[in-house]
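What follows is a single structure, written as structure tokens, with notes after it.
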Amino acid sequence: MSESVDHTQEHATLTLPSGQVVELPVVEGTEKERAVDIAGLRQKTGYITLDDGYTNTGSCESKITFIDGEKGILRYRGYPIQEIAKRCSFIETAQLVIWGELPTPEERSYFSDILTENSALPEDFRRHFAGFPVHAHPMSILSAMINALQSYDLPNMIIDSDEEFQRVAATLISKVRTIAAAAYKSSIGEPIMYPRYDLRYVENFLHMMFSRPYRDYVPSAEATAALNLFLLLHADHEQNCSTSTVRMVASGQANLYASVAAGVCALWGPLHGGANQAVMEMLTLIRDSGMTAQDYLARVKDRSTGIRLMGFGHRVYRSFDPRALLLKDACDKLLNSMNIVDPRLDIARELEEVALADDYFASRKLYPNVDFYSGIILTALGIPTEMFTVVFAIGRMPGWIAHWKEIHDNPASRIYRPRQIYVGSPEREWVNRFQRDKGNTTQGFIIPEELRAKLSS
Ligand SMILES: CC(C)(COP(=O)(O)OP(=O)(O)OC[C@H]1O[C@@H](n2cnc3c(N)ncnc32)[C@H](O)[C@@H]1OP(=O)(O)O)[C@@H](O)C(=O)NCCC(=O)NCCS
């Protein structure tokens, strides 16, 4: 049973088909969320719980982020996201998320210094970018490069002091941005830019993305503010798919680089971090095809199409995602400041309006999520769609690091190892290779017809 969660005096009673009655302790979190602690269930009864997709499963205790999905509340370390968005830089947010407190001026300034010191990639490391084909997806480059960085940066793979953790955390937060920009430059065949020591975090990223050796890129204050907001809104989101992956890998005591590289891979999918790219593709399709919002939503509601309204819906939020509200506002401001007219913003607004008034979405509590407006912001900043998820990964890095630290610092941590309900074949008799039935070949395994005769001869 867990040490830190508050144990109420209450118990839940479970009656099994055999009539056996088990008392299970009820635990309570800081915000009064309640859970039935089933840790002793299998030992007492032989039963496990089945929760496909972990819809009801608390996989851990965590002090980092609180979400109330019914009320649309998101807090990092107790601070409401709206306050953080108004007052914090991404780097202060990262310090808050990782170390649990807002940094003092000295802590803030020292952390900025170590970020700057660790921003450049080792010269021989830069060669690895040439090993990828020109059109390699930057997410594939990012995950591979973060893993490769471990051998340069943490060769013995051990973090054995707070100072060492601080250096490694700063290195990852700083270099992930350098790697991301380098992946982009490689993918468009332009020279990789060095970071600049006189620029702050967000400006430096934009510089590495868009400057050329013969021409400096100078972002507007609005562009910098919009990207700062995007990054801090993505800094953590409790036990989402990629963060749970990081925790899973970390629970086996894998090093920090390997754990966050796994997080990058998990983030890539269109149901998770890849959704912002999918939203832009959807808005572009609607714009180019001349479809109306109603036409598109009719296709979504026709379940046989398998089409989803991308950027809508969330496993945890059953009302507005507070990040979506902040980004919608930022999107308007940025486009106005840059005098950009993007018809996809109007399409997004119309889709939102029509969907929110439609019973299909209302009855399923589907609201815009963080990805619905973020793609328009990134597009206005000049960031191409295939880089969207990469920029999300830069933002999520503090959260992944914080969750790795939570596991690493907890002496009671155990390896994550869920169980399953096996539904495959019962034990069966071995069939000799030459007696195997042709009608009973492996499902889904295809041998081209023209090769079949040759292989069986
Ligand atoms: C985020 C998401 C993966 C959550 O999935 P989930 O919690 O497993 O929810 P489910 O897939 O069980 O969906 C519940 C119901 O709503 C429907 N639904 C969920 N999201 C939908 C969407 N974006 N468009 C249309 N229908 C949707 C499902 O079809 C299902 O309907 P049913 O009960 O009639 O079968 C899902 O909402 C989604 O695919 N959204 C689009 C992708 C996206 O924006 N991802 C970014 C998340 S930050």
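For ligands, and for the atoms within them, numbers begin at 1 and follow the listed sequence.
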Is atom 24 (N) of ligand 1 less than 4.0 angstrom from at least one protein heavy atom? yes

Would you say atom 14 (C) of ligand 1 makes contact with the protein, given that contact here means a non-hydrogen protein atom less than 4.0 Å away?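 For atom 14 (C) of ligand 1 the answer is no, since every protein heavy atom stays at 4.0 Å or beyond.
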
Is the contact between [X] and ligand 1 made by the side chain, the backbone, both, or neither, using heavy atoms and a 4.0 Å cut-off?
X    : result
D371 : side chain
V300 : side chain
L366 : side chain

Got the closest protein heavy atom to [atom], with its distance?
atom                    : result
atom 7 (O) of ligand 1  : R315 NE, 2.7 Å
atom 35 (O) of ligand 1 : R303 NH2, 2.9 Å
atom 1 (C) of ligand 1  : G313 O, 3.7 Å
atom 47 (C) of ligand 1 : N369 ND2, 3.6 Å
atom 45 (N) of ligand 1 : L271 O, 3.3 Å
atom 42 (C) of ligand 1 : M310 CE, 3.4 Å

Would you find a donor on one side and an acceptor on the other, under 3.5 Å apart, between the side chain of [X] and the backbone of [Y]?
X    : Y    : answer
Q150 : L154 : yes
R42  : I38  : no
S289 : I286 : yes
T93  : L232 : no

Candidate with minimal heavy-atom separation from atom 26 (N) of ligand 1, of F312, F361, Y360: Y360

Out of R308, K365, H314, R364, who is nearest to atom 28 (C) of ligand 1 when you count heavy atoms only?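 It is R308 that holds the nearest heavy atom.
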
Geometric N/O contact I307 with ligand 1, under 3.5 angstrom: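 Among all N and O atoms of I307, none is under 3.5 Å from an N or O of ligand 1.
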
Hey, are [Y] and [X] close enough side-chain-wise for a donor-acceptor pair under 3.5 Å?
X    : Y    : value
H237 : T243 : no
T49  : D51  : no
W268 : T389 : no

Taking the six-membered ring for Trp, are the ring centroids of H314 and F320 within less than 6.0 Å of each other? no

Ring-ring centroid check F210 H207, cutoff 6.0 Å: no

Would you mind listing which atoms of ligand 1 come within a distance below 4.0 Å of any non-hydrogen atom of A275?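 Contacts of ligand 1 toward A275, numbered from 1: 43 (C), 44 (O), 45 (N), 46 (C).
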
Under 4.0 Å from a heavy atom of G311: which atoms of ligand 1 are those, numbered in the order shown and with their elements?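 Matching atoms, with element in brackets: 43 (C), 44 (O).
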
Determine whether more than 12 heavy atoms belonging to other residues, nucleotides or ligands lie under 6.0 Å from atom CZ of R299.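 No, because the 6.0 Å sphere around CZ of R299 holds 12 heavy atoms or fewer from other groups.
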
